[in-house]
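This report refers to the structure that appears directly beneath it.
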Amino acid sequence: MSSIERFANPTRFMRLQATVQPWVWMITLALFAVGLFLGLARAPADYQQGETVRIMYVHVPAAWSALMVYTVMAVASIIGIVFRHPLADIAAKAAAPIGAAFCFLALATGSLWGKPMWGTWWVWDARLTSMFVLLLLYLGYIAIWQAIDDPRRASRIAAIVAIVGFINVPIVKFSVDWWYSLHQPASVFRTDGPTIHPSILTPLLIMGLAYSFLFLALHLISIRSEIGARRIRQTELARTGALQ
Amino acid sequence: MRIGPGEMKSAFAAVISRDLSLAVRQGGNIGTAIGFFLTVIVLLPLGLGPDQQLLQRIAPGALWIALLLSVLLSADRLYQTDHDDGSLEIMALSSTPLEVVVLAKASVHWLTSGLPLAIAAPVLGFLLNLDTALILPLGIAMVTGSLALSLLASLGAAITVGLRQGGLLVSLLVLPLYVPVMIFGVLASSGAQSGIDNSGTALIILVAIVLAALVVTPFASAAALRSYMR
Amino acid sequence: MDFSAPHMGFVISSYAVTIVVLGALALWIFARARSVAKRLRQLDDEGADRRRRSGQATA
């Protein structure tokens, strides 16, 4: 049977995932504990932003991870489309909802930071605009998977969407930066602000790592579910075929 | 089977002349695009008020938004009839690479929607009190930029060709791709309106975006069309 | 951390929204993993049943 051969690799993945998963969770929790302790208890309030600076510890890692997850998705899509590797297709599909959640959080916390700093909930700031476009890319990718029934066809079309989107991301970043610098209002608080102090940078980096490991933990489980879901689909298709 | 560049060119011309004559005979697409364009331009002053200065300030951006929406509106069915009646499959099986067919169909779409709109836009600009000095740059930027719009829209149409709810999805998929074209298109058409005159640089970047679209979209669209046929 | 500082509400809400969204995401992923595992076990049992029955039929 060719399907056993096709899933030979996913089977090895399942075994690896089962051994690695508890360790990934432990590292994730430890990183979150350290990052939150340093960020909330140790780091001082900013002399300009006050306590509002603490929003950064959940905002910046979310934005970093959203970009990282999209990169993972695009690389997995390229591997899937070039080598026809089923595990790569599954990995790309499983990453998308997690990345979209990070992207949404980057926008939501950015907006919560912007209200006290800028005075409004939403500003068409260069970074927020780029993040918003990234969220649209995620939603388009997820919508493609929802719209196409056959998983093999869906994976090819979705891979094209992911790769074209990945080419688009730096172009959007470049054009939005250019656009914003031309239209920049005079009285706006600068986003990048003063240079980052190490007492802020260390928790920021640890939180970034914590988000990456959280992604890894959730991604591994999602991949496992997706492999299982495809097995279910195949078995059910084979049964209905056998009944006829 | 490999074919030479000469035959490829004649296949390209054949698809163009077939689709052009179809478009001219039906006349629907060109009419729809211009009608929609006109609708947006007329609705804008009615919604924003007749302030001449305000209209002059927003005119290039408004014309670009209208162009973008009209191109998108006429694009989502680009491959639909050929997909439904099977002629796309015949084209894919022929010795002509599907990429060439895609390029030809996108060009026809540009000739029947982007180009007429780019020519009509400066004229309709009078309704928005467009600065007369901007007529030429706006026309140039729109002729160039609409080529990228057609290519990207054809990619969206190819990605959703086999889907029932394709039209809805096309907008979501194409919107992020339109962002750079929109930004540099408007900058190239606005002259010194936003302070410094960057329109020359913006036009060069717009041309670069068109070239990038010209390289990426035929391959991506052809790959998408092939996976729907399998 | 000074809870009486201005804008503290925004800080708390941004942590709250993060917890809610990431929590919902994790719960959704766990629920899916559980339902897939359950269905797989079910199919396995049914398959074993069927093999046993067809084995009896041929024997």
Side-chain angles (χ1 to χ4, degrees), chain A residues 32 36 39-45 49-59 61-62 94 97-98 100-102 104-117 121 207 211 214-215 217-236 238-239 242, chain C:
Chain A
F32 265 108
L36 287 173
L40 297 182
R42 277 294 168 82
Q49 303 178 30
E51 298 284 349
T52 324
V53 75
R54 302 200 195 279
I55 295 178
M56 289 296 142
Y57 303 129
V58 282
H59 168 72
I98 310 173
F102 284 149
F104 171 77
L105 278 178
L107 285 173
T109 52
S111 172
L112 280 166
W113 181 84
K115 179 65 182 164
M117 289 296 121
W121 292 106
M207 286 300 278
Y211 270 62
L214 178 66
F215 164 68
L218 295 174
H219 194 209
L220 287 175
I221 298 176
S222 292
I223 293 176
R224 188 190 182 89
S225 308
E226 189 59 32
I227 294 172
R230 290 202 183 185
R231 278 187 185 163
I232 291 170
R233 191 188 143 87
Q234 273 199 332
T235 321
E236 280 172 348
R239 289 232 175 127
Chain C
M1 199 163 44
D2 176 13
F3 277 96
S4 60
H7 311 314
M8 208 52 208
F10 294 102
V11 180
I12 293 167
S13 351
S14 56
Y15 279 83
V17 77
T18 303
I19 291 166
V20 167
V21 169
L22 292 183
L25 178 75
L27 284 182
W28 174 68
I29 288 172
F30 294 155
R32 178 142 192 270
R34 192 162 301 172
S35 77
V36 164
K38 193 175 154 201
R39 183 81 185 114
L40 271 179
R41 262 199 309 278
Q42 237 172 20
L43 286 173
D44 252 14
D45 292 348
E46 284 170 25
D49 270 4
R50 188 175 305 187
R51 271 195 297 279
R52 213 175 303 134
R53 253 184 284 125
S54 68
Q56 279 170 351
T58 48

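Labels below follow one simple rule: chain letters A, B, ... track the order of the sequence lines, proteins then strands, and each chain is numbered from 1. Quantities reported herein were computed from a predicted structural model and do not represent experimental measurements.
- Both the backbone and the side chain of A:I55 come within less than 4.5 Å of a heavy atom in chain C.
- Proximity to chain A (any heavy atom under 4.5 Å) is shown, for C:E46, by both the backbone and the side chain.
- Considering every non-hydrogen atom in both A:A106 and A:T109, the closest pair reads O-OG1, 3.4 Å.
- Between chain A and the options C:A24, C:A37, C:S35, C:S14, heavy-atom pairs under 4.5 Å are most frequent for C:S14.
- Contact check for A:I98 versus A:S222: side-chain heavy atoms found under the 4.5 Å cut-off.
- Between A:W113 and A:H59 there is no side-chain heavy-atom pair separated by less than 4.5 Å.
- Using a 4.5 Å cut-off between heavy atoms, A:T235 contacts chain C through its side chain alone, with no backbone atom that close.
- Only the side chain of A:L36 comes within contact range of chain C, judged by heavy atoms closer than 4.5 Å.
- In this structure, chain A has a heavy atom under 4.5 Å from the side chain of C:L25, while its backbone stays farther away.
- Only the side chain of A:Y211 comes within less than 4.5 Å of a heavy atom in chain C; its backbone stays farther off.
- Sorted by first then second residue, the side-chain hydrogen bond (donor to acceptor under 3.5 Å, both in side chains) pairs that include residues 23-34 of chain C, not counting sequence neighbours, are A:E226-C:R32.
- Between the side chains of A:R231 and A:Q234, no donor-acceptor pair of N or O atoms lies under 3.5 Å.
- Annotation for C:Y15 and A:R54: closest pair OH-O, 2.7 Å, computed over non-hydrogen atoms.
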